[in-house]
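Some notes on the structure that comes next.
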Amino acid sequence: MQVPGGMNMKVKDCMVVRNLLTVGEDDSLAVAGHKMAWGGLRHLPVVRGNEVVGVIAERDLLVWRAERGSWDGPAGLVRAAMSSPPEVTVPDEDLAQAAARMLARRIGCLPVVLQGRLVGIITSSDLVGSRVSDAFASSAVDLSAKELMTSYVYKVSAGDPLMEAVDLMVAKRIRHLPVVDGMGNVVGILSERDLRSLLGKPVDALAVWPAQPIGHRTVGDVMNRKVVQVAADQTWSDVISTMVSHNVGALPVVGRGGQLLGMISYVDLLREATRRLATEMR
């Protein structure tokens with residue numbers, strides 16, 4: 001990835017190196033959920049000593065919960081739900097190549113290793129940070145939200161049973177589900193993070209989550225009603241700025257009357273930016 005001055009951006013230029021949270025393969029899924037909630041994270045490297053042996057994501061916990069109903073029991077260990085072997089990177093890998101691998105494999109993070117030891121992590125959210133987005137922007141400044149968005153999206157209503165929405169998110173690998181009213185207007189959004197909020201306070205995670213009754217809840221009980229959204233004609237830089245300032249990974253794209261037109265996520269941004277950068281380097 002080229003930045004002003006002709007330098008290539010490397011993974012080390014935007015990876016997170018401080019306060020790295022990890023989890024052991026023999027830790028419980030409840031412990032993994034607790035650490036994610038405490039750190040506001042979507043992914044955790046799984047370690048065995050100093051070796052990275054897997055990655056466990058928020059979605060893995062959601063799938064386990066939906067299929068098994070509880071994190072309790074001897075089977076509810078990190079090793080049973082993690083992705084292994086993990087896809088990893090090194091500090092000196094070209095950032096554009098790392099981003100392309102993440103897109104191709106549909107993964108949200110890469111642990112960064114050096115001589116077999118974990119030294120950092122890079123996530124999709126890191127790739128839409130200001131420094132990286134500036135490098136992308138020169139290639140995609142002419143694009144609008146409507147051109148970048150995914151127009152065919154799954155959606156639910158506030159009155160739908162929550163577990164039906166959970167099943168949909170798991171089956172379709174959806175992280176953000178827009179909630180619309182009878183006119184098609186966006187009234188909320190349901191995310192994996194909102195589902196994790198059922199844990200309550202992070203310090204209560206271990207006690208609350210496994211026993212939390214959610215069968216009777218509706219989407220409206222959990223969804224975020226303060227929806228951050230963008231208009232169809234807003235620019236690439238507007239979208240990036242909104243994502244970064246509100247710390248969200250996806251945004252509904254709406255028409256003049258507030259009707260849902262599509263969704264735009266950091267994956268859409270990275271896919272287009274990577275495609276354009278690859279074209280420019282030919």
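As the structure is a computational prediction, the values presented were derived from the model and not from experiment. When reading the values below, keep in mind they use all heavy atoms of this one structure, side chains included, and skip hydrogens, waters and symmetry mates.
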### Task
Mind checking the CG-OG spacing from Leu148 to Ser265? Nearest 0.5 Å is all I need.
10.0 Å
### Message
Suppose we screen for salt bridge (charged side-chain N to carboxylate O under 4.0 Å, His left out). Which residues come up paired with Arg117, at least two apart in sequence or across chains?
### Response
none
### Query
Distance-only, no hydrogens or angles: does the Glu164 side chain make a donor-acceptor pair with backbone N or O of Pro161 under 3.5 Å?
no
### Backbone of Val31 reached by a side-chain donor or acceptor of Asp27 within 3.5 Å
no
### Message
Do Leu44 and Leu21 make a side-chain contact, defined as non-hydrogen atoms from C-beta onward lying under 4.5 Å apart?
### Response
yes
### Query
Going only through I, L, V, M, F, W and Y residues with side-chain contacts under 4.5 Å, is there a path from Val187 to Met169?
yes
### Query
When rounded to the nearest 0.5 angstrom, what distance separates CZ in Arg48 from OG in Ser84?
7.5 Å
## Note on the structure
For Glu25 and Val53, the nearest pair of non-hydrogen atoms, with its separation, is OE1-CG2, 4.2 Å
### Query
Taking a hydrophobic cluster as the set of Ile, Leu, Val, Met, Phe, Trp and Tyr residues connected by side-chain heavy atoms closer than 4.5 Å, whether directly or through intermediates, do Val254 and Val227 fall within one such cluster?
yes
### Query
side chain to side chain contact (heavy atoms under 4.5 Å, CB included) between Thr242 and Val239: does it pass, once the steps are laid out?
CA-CA 5 Å; Thr242 302; Val239 174; 5.9 Å; no
### Message
I'd like to check Val11 versus Asp92 (side-chain heavy atoms, cut-off strictly below 4.5 Å). Are they in contact?
### Response
no
### Message
Assess, by modelled atom type and distance only, whether the side chains of Asp268 and Thr150 contain a donor and an acceptor separated by less than 3.5 Å.
### Response
yes
## Note on the structure
Nearest heavy-atom contact between Gln234 and Gln229 is OE1-O, 4.5 Å
### Connected via hydrophobic side-chain network under 4.5 Å: Leu190 and Val186
no
### Task
Take Leu61 and Met36 through the test side chain to side chain contact (heavy atoms under 4.5 Å, CB included) and record every step on the way to the result.
CA-CA 10 Å; Leu61 300 181; Met36 287 185 193; 3.8 Å; yes
### Message
Taking atom NZ as the centre, does Lys155 end up with more than 12 heavy-atom neighbours from other residues, nucleotides or ligands that are less than 6.0 angstrom away?
### Response
no
### Spacing of CZ belonging to Arg105 relative to CG belonging to Leu110, to within rounding of 0.5 Å
9.0 Å
#### Entry: Separation of Glu58 CD from Ser191 OG (nearest 0.5 Å)
7.5 Å
### Query
Given side chains that start at C-beta, do those of Val17 and Ile121 come closer than 4.5 Å, heavy atoms only?
no
### Heavy-atom side-chain contact between Ser151 and Leu261 under 4.5 Å
no
### Summary
Residues Leu118 and Pro111: closest non-hydrogen pair is CD1-CB, 3.9 Å
#### Entry: Thr89 (side chain) donor-acceptor with Ala98 (main chain) under 3.5 angstrom
no
### Task
Check whether any side-chain heavy atom of Ile122 sits under 4.5 Å from a side-chain heavy atom of Val16, and report yes or no.
no
### Query
Checking Arg175 side chain against Ala250 main chain: does a donor-acceptor pair fall under 3.5 Å?
no
### Message
Quick check for you: to the nearest 0.5 Å, what is the distance between Cys109 atom SG and Leu41 atom CG?
### Response
10.0 Å
### Message
Side-chain heavy atoms nearer than 4.5 Å, only ILVMFWY residues, links allowed to pass through others: does that put Val179 and Ile174 together?
### Response
yes
### Task
Look only at the side chain of Glu147 and the backbone of Ser144, and say whether a donor-acceptor pair between them is shorter than 3.5 Å.
yes
### Task
Work out which heavy atom in Val46 is nearest to a heavy atom in Gly24; give both atom names and the distance.
CG1-C, 3.9 Å
### Task
Is it possible for you to say whether Val156 and Tyr152 belong to one hydrophobic cluster, with membership spreading through side-chain heavy-atom contacts below 4.5 Å?
yes
### Task
With the side chain counted from C-beta on, respond yes when Lys146 and Asp233 share a heavy-atom pair under 4.5 Å apart, and no when they do not.
no
### Task
Could you please spell out the steps behind the salt bridge (charged side-chain N to carboxylate O under 4.0 Å, His left out) verdict for Glu93 and Arg101?
CA-CA 11 Å; Glu93 181 177 11; Arg101 284 200 292 128; 2.7 Å; yes
### Under 3.5 Å side-chain donor-acceptor pair for Thr235 and Asp238
yes
#### Entry: Minimum heavy-atom distance Leu29-Ala81, with the two atoms named
CD2-CB, 3.9 Å
### Min side-chain heavy-atom separation Thr22-Val47 under 4.5 Å
yes
### Query
Which pair of heavy atoms, one from Ala32 and one from Val78, lies closest together, and at what distance?
CB-CG2, 4.1 Å
#### Entry: Side chain to side chain, Ile189 and Leu177, heavy atoms closer than 4.5 Å
no
### Message
Distance check, rounded to the nearest 0.5 Å: Ile56 atom CD1 versus Arg42 atom CZ?
### Response
16.0 Å
